[in-house]
2 protein chains.
Amino acid sequence: MMMQAEAQFRIGEEGLSEEVLVQMAESFKALSDPTRLQILALLFTGEHAVGDLADHLDVSQSAVSHQLRILRALDIVRYHKEGREVYYSLADDHVRDILLRTLEHILDD
Amino acid sequence: MMMQAEAQFRIGEEGLSEEVLVQMAESFKALSDPTRLQILALLFTGEHAVGDLADHLDVSQSAVSHQLRILRALDIVRYHKEGREVYYSLADDHVRDILLRTLEHILDD
DNA sequence: TGAATATATGAACACTTATTCATATATATA
DNA sequence: TATATATATGAATAAGTGTTCATATATTCA
């Protein structure tokens with residue numbers, strides 16, 4: 001059975017619309033930084049507050065917030081507030097799948 | 001059954017090693033440009049020579065070669081020469097999967 | 001061999017990005 | 001209310017990126 005996405009990939013002589021390609025590029029760009037990937041690796045095991053993330057990384061809390069903003073904008077992470085803390089988690093299973101496939105791709109040497 | 005990659009994602013308190021995260025980031029970076037994605041969308045339907053790719057894109061042949069070099073370096077595309085033409089194609093199914101998952105992610109709005 | 005064609009490469013440049021620092025906003029607590 | 005804590009934001013800056021232009025390399029064919 002052909003998935004919707006696979007069907008879409010074949011639409012049109014030039015392939016996907018410029019708009020969709022730009023959106024895909026933006027999503028991949030959001031995953032293309034080691035700091036953001038480290039954040040996602042931490043979130044892979046469950047939700048974490050911003051400060052907790054910052055404690056596990058080598059960058060400032062400010063940098064973590066900036067990166068979370070990027071991940072948020074692309075629906076890669078969700079968040080909810082509890083008191084003055086903000087807990088982040090992975091947005092959906094697509095994100096999990098994409099991370100795992102890419103890890104497999106890396107490990108296949 | 002837990003995949004190897006999934007198991008790997010949980011290894012260690014800090015998650016994945018810095019080296020693996022950097023490699024993943026490089027792979028995603030290779031996918032994070034509209035021109036390169038358009039190349040991959042064309043290759044999704046089968047192999048294409050460099051000039052053929054350039055004819056379908058809005059950038060110079062030089063730019064296409066530069067981008068193919070990046071995709072080659074990360075094992076995202078394969079190639080073989082036939083006479084003076086060089087035919088490129090997608091390297092493996094991980095690449096197909098990653099592209100499709102991301103497209104699904106985009107289309108889920 | 002010489003000309004034409006296909007692809008690759010290096011330099012230069014405009015544009016983008018990840019970080020820190022300083023500070024703002026929001027919430028809890030004494 | 002005043003203070004402390006958690007997070008977010010804007011400005012500045014150093015480093016990285018995608019493109020074109022010019023040119024090199026490789027292959028075919030007259």
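Every heavy atom of this structure was used, including side-chain atoms; hydrogens, water molecules and symmetry mates were not.
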Whole angstrom is fine here: how far is it from CG in A/Leu53 over to P in D/dA6? 14 Å
Nearest-Å distance for atom pair NE2/P, residues B/His66 and D/dT23: 15 Å
Taken to the nearest whole Å, CG/A/Leu71 to P/C/dT17 is 14 Å
Without hydrogens or angle criteria, can the side chains of A/His56 and A/Gln38 be said to hold a donor-acceptor pair below 3.5 Å? no
Euclidean distance, atom CD of residue A/Glu26 to atom C1' of D/dG18 [Å, nearest integer]: 16 Å
Take atom CZ of A/Phe28 and atom P of C/dT17, then tell me their distance rounded to the nearest Å. 16 Å
By the Watson-Crick or G-U definition, both distances under 3.5 Å, C/dA30 is matched with D/dT1
OP1, OP2 of D/dT20 versus side-chain N and O of B/Ser60: anything below 4.0 Å? yes
Measure from the side-chain heavy atoms of B/Ser65 and tell me the nearest of C/dT7, D/dA8, D/dG18. C/dT7
Of B/Arg84 and A/Val86, whose nearest nucleotide on DNA chain D comes first from the 5' end? A/Val86
Can you tell me if the side-chain N/O atoms of B/Lys81 get under 4.0 Å from OP1 or OP2 in D/dT27? yes
Are side-chain N/O atoms of A/Ser65 and A/Gln61 paired as donor and acceptor at under 3.5 Å? yes
base_contact_polar (C/dT7 base, B/Ser62 side chain, donor-acceptor, <3.5 Å): no
Under 4.0 Å: is that the gap between some side-chain N or O of A/Tyr88 and OP1 or OP2 of D/dA8? yes
Which residue, A/Gly83 or A/Val64, contacts DNA chain C at a nucleotide closer to its 5' end, judged by nearest heavy atom? A/Val64
Looking at B/Gln61 and C/dA6, is any side-chain donor or acceptor paired with a base atom of the opposite kind under 3.5 Å? no
Under a 3.5 Å distance rule, please check whether B/His48 uses its side chain to pair with a backbone N or O of B/Leu42 as donor and acceptor. yes
Separation of D/dT25 P from B/Glu85 CD (nearest whole Å): 21 Å
Is there a side-chain polar atom (N or O) of B/Gln67 under 4.0 Å from OP1 or OP2 of D/dT19? yes
Heavy atoms from C-beta onward define the side chain here; which of C/dA8, D/dT20, C/dT19 lies closest to that of B/Ala63? D/dT20
Take the protein atom CD1 of B/Ile39 and the nucleotide atom P of D/dT19, then report the distance between them rounded to whole Å. 8 Å
Just N and O in the side chain of B/Lys29: are any of them under 4.0 Å from OP1 or OP2 of D/dT17? yes
Length of the line joining A/Arg36:CZ and C/dT19:C1', which is rounded to integer Å: 12 Å
Can you tell me if B/Tyr87 and B/Arg78 form a side-chain donor-acceptor pair at under 3.5 Å? no
Main chain of B/Arg96, side chain of B/Asp93: is a donor-acceptor contact present, judged purely on distance under 3.5 Å? no
Counting just side-chain N and O atoms, does A/Arg69 come under 4.0 Å of either OP1 or OP2 of C/dA18? no
B/Ala49 has a side chain; which of C/dT9, D/dT19, C/dT7 sits nearest to it? C/dT7
Should A/Met24 and B/Leu99 count as side-chain neighbours, where that means a heavy-atom distance under 4.5 Å? yes
